[in-house]
Amino acid sequence: QKEVEQNSGPLSVPEGAIASLNCTYSDRGSQSFFWYRQYSGKSPELIMFIYSNGDKEDGRFTAQLNKASQYVSLLIRDSQPSDSATYLCAGNTGNQFYFGTGTSLTVIP
Amino acid sequence: NAGVTQTPKFQVLKTGQSMTLQCAQDMNHNSMYWYRQDPGMGLRLIYYSASEGTTDKGEVPNGYNVSRLNKREFSLRLESAAPSQTSVYFCASSERDRGSAEAFFGQGTRLTVV
(Lines give C-alpha, C1' and ligand atoms only; values in the text may rest on other atoms or scores of the structure.)
Protein backbone atom coordinates (compact mmCIF):
# COMPACT_ATOMS: atom_id res chain seq x y z
CA GLN A 1 0.00 0.00 0.00
CA LYS A 2 1.37 3.38 -1.01
CA GLU A 3 1.80 5.92 1.74
CA VAL A 4 -0.12 8.57 -0.18
CA GLU A 5 -2.85 7.89 -2.72
CA GLN A 6 -4.32 10.26 -5.26
CA ASN A 7 -6.80 9.90 -8.07
CA SER A 8 -4.66 10.33 -11.18
CA GLY A 9 -7.49 11.95 -13.11
CA PRO A 10 -7.49 13.59 -15.53
CA LEU A 11 -9.76 16.17 -13.97
CA SER A 12 -11.30 18.78 -16.24
CA VAL A 13 -13.16 21.86 -15.03
CA PRO A 14 -14.40 24.94 -16.86
CA GLU A 15 -12.74 28.26 -16.26
CA GLY A 16 -14.14 29.95 -13.16
CA ALA A 17 -15.28 26.71 -11.53
CA ILE A 18 -13.98 25.09 -8.35
CA ALA A 19 -11.48 22.28 -8.79
CA SER A 20 -11.37 19.72 -5.99
CA LEU A 21 -8.31 17.51 -5.59
CA ASN A 22 -8.19 14.71 -3.04
CA CYS A 23 -5.58 12.63 -1.31
CA THR A 24 -5.56 9.91 1.35
CA TYR A 25 -2.65 8.74 3.43
CA SER A 26 -1.92 5.56 5.36
CA ASP A 27 0.63 6.62 7.99
CA ARG A 28 -1.04 8.17 11.02
CA GLY A 29 2.40 9.36 12.06
CA SER A 30 2.52 11.78 9.16
CA GLN A 31 2.94 15.24 10.58
CA SER A 32 2.48 17.66 7.70
CA PHE A 33 0.99 17.64 4.26
CA PHE A 34 1.93 19.54 1.17
CA TRP A 35 0.38 20.35 -2.17
CA TYR A 36 2.77 20.86 -5.06
CA ARG A 37 1.97 22.01 -8.58
CA GLN A 38 4.03 20.65 -11.44
CA TYR A 39 3.83 22.00 -14.96
CA SER A 40 4.85 19.67 -17.75
CA GLY A 41 8.62 19.40 -17.98
CA LYS A 42 9.16 21.46 -14.84
CA SER A 43 9.97 20.73 -11.22
CA PRO A 44 7.35 20.64 -8.46
CA GLU A 45 6.65 23.92 -6.70
CA LEU A 46 4.91 24.29 -3.36
CA ILE A 47 1.38 25.70 -3.29
CA MET A 48 0.42 25.12 0.33
CA PHE A 49 1.17 23.07 3.40
CA ILE A 50 -1.12 22.11 6.28
CA TYR A 51 -0.49 20.35 9.56
CA SER A 52 -3.58 21.12 11.68
CA ASN A 53 -7.05 19.68 11.27
CA GLY A 54 -9.40 21.96 9.41
CA ASP A 55 -9.06 24.42 6.58
CA LYS A 56 -6.25 26.69 5.53
CA GLU A 57 -6.84 29.35 2.92
CA ASP A 58 -4.36 31.19 0.72
CA GLY A 59 -5.87 33.30 -2.01
CA ARG A 60 -7.80 31.05 -4.38
CA PHE A 61 -6.47 27.91 -2.72
CA THR A 62 -7.87 26.10 0.32
CA ALA A 63 -6.24 23.05 1.84
CA GLN A 64 -8.28 20.80 4.09
CA LEU A 65 -6.97 18.17 6.50
CA ASN A 66 -8.97 15.53 8.35
CA LYS A 67 -6.60 13.42 10.43
CA ALA A 68 -9.35 11.11 11.70
CA SER A 69 -10.23 10.15 8.11
CA GLN A 70 -6.60 10.46 6.92
CA TYR A 71 -7.75 12.73 4.15
CA VAL A 72 -6.25 15.84 2.58
CA SER A 73 -7.79 17.97 -0.13
CA LEU A 74 -7.07 21.05 -2.17
CA LEU A 75 -9.77 23.34 -3.51
CA ILE A 76 -8.98 25.81 -6.26
CA ARG A 77 -11.61 28.51 -6.59
CA ASP A 78 -12.14 30.54 -9.77
CA SER A 79 -9.98 28.08 -11.73
CA GLN A 80 -7.86 29.61 -14.47
CA PRO A 81 -6.28 28.00 -17.56
CA SER A 82 -2.90 28.72 -15.91
CA ASP A 83 -3.91 26.28 -13.15
CA SER A 84 -3.70 23.43 -15.65
CA ALA A 85 -0.95 21.21 -14.27
CA THR A 86 -0.35 18.07 -12.27
CA TYR A 87 -0.94 18.45 -8.54
CA LEU A 88 1.10 16.33 -6.16
CA CYS A 89 0.06 15.58 -2.61
CA ALA A 90 2.85 14.78 -0.14
CA GLY A 91 3.00 13.70 3.48
CA ASN A 92 5.95 14.12 5.79
CA THR A 93 6.99 11.51 8.34
CA GLY A 94 10.27 12.01 10.13
CA ASN A 95 12.86 12.92 7.53
CA GLN A 96 10.97 11.59 4.54
CA PHE A 97 8.39 12.99 2.18
CA TYR A 98 5.95 10.59 0.54
CA PHE A 99 4.39 11.72 -2.71
CA GLY A 100 1.23 10.62 -4.41
CA THR A 101 1.27 9.91 -8.13
CA GLY A 102 -0.37 13.27 -8.87
CA THR A 103 -3.69 14.42 -10.32
CA SER A 104 -3.71 16.00 -13.76
CA LEU A 105 -5.95 19.07 -13.89
CA THR A 106 -7.10 20.80 -17.06
CA VAL A 107 -9.00 24.08 -16.86
CA ILE A 108 -11.02 24.61 -20.03
CA PRO A 109 -11.36 28.23 -21.20
CA ASN B 1 18.92 33.08 -4.97
CA ALA B 2 19.84 29.85 -6.73
CA GLY B 3 18.04 27.45 -4.33
CA VAL B 4 18.72 23.88 -5.48
CA THR B 5 20.93 23.45 -8.54
CA GLN B 6 21.27 20.19 -10.44
CA THR B 7 23.67 19.29 -13.21
CA PRO B 8 23.41 18.16 -15.91
CA LYS B 9 19.90 18.96 -17.18
CA PHE B 10 19.97 16.31 -19.89
CA GLN B 11 22.07 13.19 -20.35
CA VAL B 12 22.10 10.20 -22.67
CA LEU B 13 24.04 7.14 -21.53
CA LYS B 14 24.75 3.80 -23.08
CA THR B 15 23.91 0.71 -21.07
CA GLY B 16 26.75 -0.05 -18.67
CA GLN B 17 28.16 3.46 -18.57
CA SER B 18 28.50 5.31 -15.29
CA MET B 19 27.75 8.88 -14.35
CA THR B 20 27.24 11.16 -11.37
CA LEU B 21 24.41 13.62 -10.99
CA GLN B 22 25.39 16.65 -9.00
CA CYS B 23 23.18 18.63 -6.63
CA ALA B 24 23.95 21.69 -4.54
CA GLN B 25 21.74 23.88 -2.34
CA ASP B 26 22.48 27.29 -0.92
CA MET B 27 19.71 27.44 1.69
CA ASN B 28 21.74 25.88 4.52
CA HIS B 29 19.30 22.96 4.72
CA ASN B 30 20.19 19.86 6.66
CA SER B 31 18.15 17.33 4.66
CA MET B 32 18.65 16.47 1.00
CA TYR B 33 16.89 13.96 -1.23
CA TRP B 34 17.10 12.26 -4.59
CA TYR B 35 13.87 11.28 -6.34
CA ARG B 36 13.08 9.74 -9.67
CA GLN B 37 9.87 10.49 -11.50
CA ASP B 38 8.37 8.11 -14.03
CA PRO B 39 4.99 8.38 -15.81
CA GLY B 40 2.22 7.04 -13.60
CA MET B 41 4.61 6.35 -10.72
CA GLY B 42 4.91 9.75 -9.12
CA LEU B 43 8.03 10.80 -7.24
CA ARG B 44 9.88 7.88 -5.70
CA LEU B 45 12.62 8.38 -3.15
CA ILE B 46 15.97 6.88 -4.08
CA TYR B 47 18.15 8.05 -1.19
CA TYR B 48 18.08 10.80 1.34
CA SER B 49 20.48 12.45 3.75
CA ALA B 50 19.08 13.81 6.99
CA SER B 51 22.28 15.65 7.79
CA GLU B 52 25.87 15.99 6.67
CA GLY B 53 27.62 12.64 7.00
CA THR B 54 24.49 10.47 6.94
CA THR B 55 22.66 8.78 4.08
CA ASP B 56 19.73 6.36 4.03
CA LYS B 57 18.00 4.27 1.43
CA GLY B 58 14.60 5.24 0.17
CA GLU B 59 12.02 3.28 -1.78
CA VAL B 60 14.11 2.46 -4.89
CA PRO B 61 17.86 2.48 -4.04
CA ASN B 62 19.04 -0.46 -6.17
CA GLY B 63 21.55 0.53 -8.83
CA TYR B 64 22.40 3.87 -7.19
CA ASN B 65 24.91 5.23 -4.71
CA VAL B 66 25.03 8.61 -3.04
CA SER B 67 27.56 10.86 -1.36
CA ARG B 68 26.83 13.74 0.98
CA LEU B 69 30.01 15.61 0.25
CA ASN B 70 29.26 18.45 2.66
CA LYS B 71 26.19 20.30 3.88
CA ARG B 72 25.61 21.88 0.46
CA GLU B 73 26.22 18.98 -1.92
CA PHE B 74 24.55 15.61 -2.43
CA SER B 75 25.50 13.53 -5.46
CA LEU B 76 23.85 10.50 -7.04
CA ARG B 77 25.93 7.94 -8.91
CA LEU B 78 24.86 5.31 -11.40
CA GLU B 79 27.67 2.76 -11.54
CA SER B 80 26.36 0.73 -14.49
CA ALA B 81 23.40 2.38 -16.16
CA ALA B 82 20.46 0.26 -17.29
CA PRO B 83 17.51 1.20 -19.53
CA SER B 84 15.24 0.87 -16.47
CA GLN B 85 17.01 3.90 -15.03
CA THR B 86 15.69 6.12 -17.80
CA SER B 87 13.80 8.73 -15.83
CA VAL B 88 13.69 12.31 -14.65
CA TYR B 89 15.74 12.78 -11.51
CA PHE B 90 15.03 15.49 -8.98
CA CYS B 91 17.18 16.62 -6.10
CA ALA B 92 15.46 18.35 -3.21
CA SER B 93 16.37 19.89 0.12
CA SER B 94 14.47 20.68 3.29
CA GLU B 95 15.06 22.23 6.67
CA ARG B 96 13.73 19.60 9.04
CA ASP B 97 14.43 21.57 12.15
CA ARG B 98 11.65 23.98 11.26
CA GLY B 99 8.04 22.87 11.79
CA SER B 100 6.33 22.12 8.54
CA ALA B 101 9.31 22.45 6.30
CA GLU B 102 8.60 21.87 2.66
CA ALA B 103 10.98 20.32 0.15
CA PHE B 104 12.53 22.63 -2.47
CA PHE B 105 13.30 21.01 -5.80
CA GLY B 106 16.01 21.43 -8.37
CA GLN B 107 15.11 21.77 -12.04
CA GLY B 108 15.58 18.07 -12.74
CA THR B 109 17.86 15.89 -14.85
CA ARG B 110 16.31 14.06 -17.76
CA LEU B 111 18.32 10.85 -18.19
CA THR B 112 17.97 8.43 -21.08
CA VAL B 113 19.79 5.09 -21.06
CA VAL B 114 19.98 3.39 -24.44
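A, B, ... follow the sequence lines: proteins, then strands. Residue 1 opens every chain.
Chosen from Gly41(A), Gly102(A), Pro44(A), the residue pairing most often with chain B at heavy-atom distances under 4.5 Å is Pro44(A).
With a 4.5 angstrom heavy-atom cutoff, Gln6(A) does not touch chain B via any of its atoms. The part of Tyr36(A) that comes within reach of chain B is its side chain, from C-beta onward, which places non-hydrogen atoms under 4.5 angstrom from that chain.
A distance of 7.5 Å separates CZ of Phe104(B) from CG of Leu46(A), quoted to the nearest 0.5 Å. Distance check, rounded to the nearest 0.5 Å: CG of Leu43(B) to CD of Gln38(A) gives 6.5 Å. Between the CD atom of Gln96(A) and the OG atom of Ser31(B) there is a distance of 10.0 Å, given to the nearest 0.5 Å.
Under the 4.5 Å side-chain heavy-atom criterion for Ile, Leu, Val, Met, Phe, Trp and Tyr, Phe74(B) and Leu21(B) are members of the same hydrophobic cluster. Both Ile76(A) and Ile50(A) belong to a common hydrophobic cluster when Ile, Leu, Val, Met, Phe, Trp and Tyr are linked at side-chain heavy-atom distances under 4.5 angstrom. Val4(B) and Val66(B) fall into different hydrophobic clusters, where Ile, Leu, Val, Met, Phe, Trp and Tyr are joined by side-chain heavy atoms under 4.5 Å apart, directly or via other members. Residues Met32(B) and Leu78(B) fall within the same hydrophobic cluster, defined by Ile, Leu, Val, Met, Phe, Trp and Tyr side chains chained together at heavy-atom separations under 4.5 Å. Hydrophobic clustering places Leu105(A) together with Met48(A) (ILVMFWY residues linked when any side-chain heavy atoms are closer than 4.5 Å, directly or through intermediates).
In plain terms, the two heavy atoms of Leu88(A) and Gln37(B) that are nearest each other are CD1-NE2, 4.4 Å. Pairing each heavy atom of Gly106(B) with each of Ser43(A), the nearest pair is O-CB, 3.0 Å.
Enclosure of atom NZ in Lys42(A) is not indicated, since only 12 or fewer non-hydrogen atoms of other residues, nucleotides or ligands lie within 6.0 angstrom. Around atom CZ of Arg110(B), no more than 12 heavy atoms belonging to other residues, nucleotides or ligands sit under 6.0 Å away.
With Tyr35(B) as reference, Phe99(A) is the one residue of Phe99(A), Phe97(A), Tyr98(A) to meet the ring-ring contact (aromatic ring centres under 6.0 Å, His included) rule.
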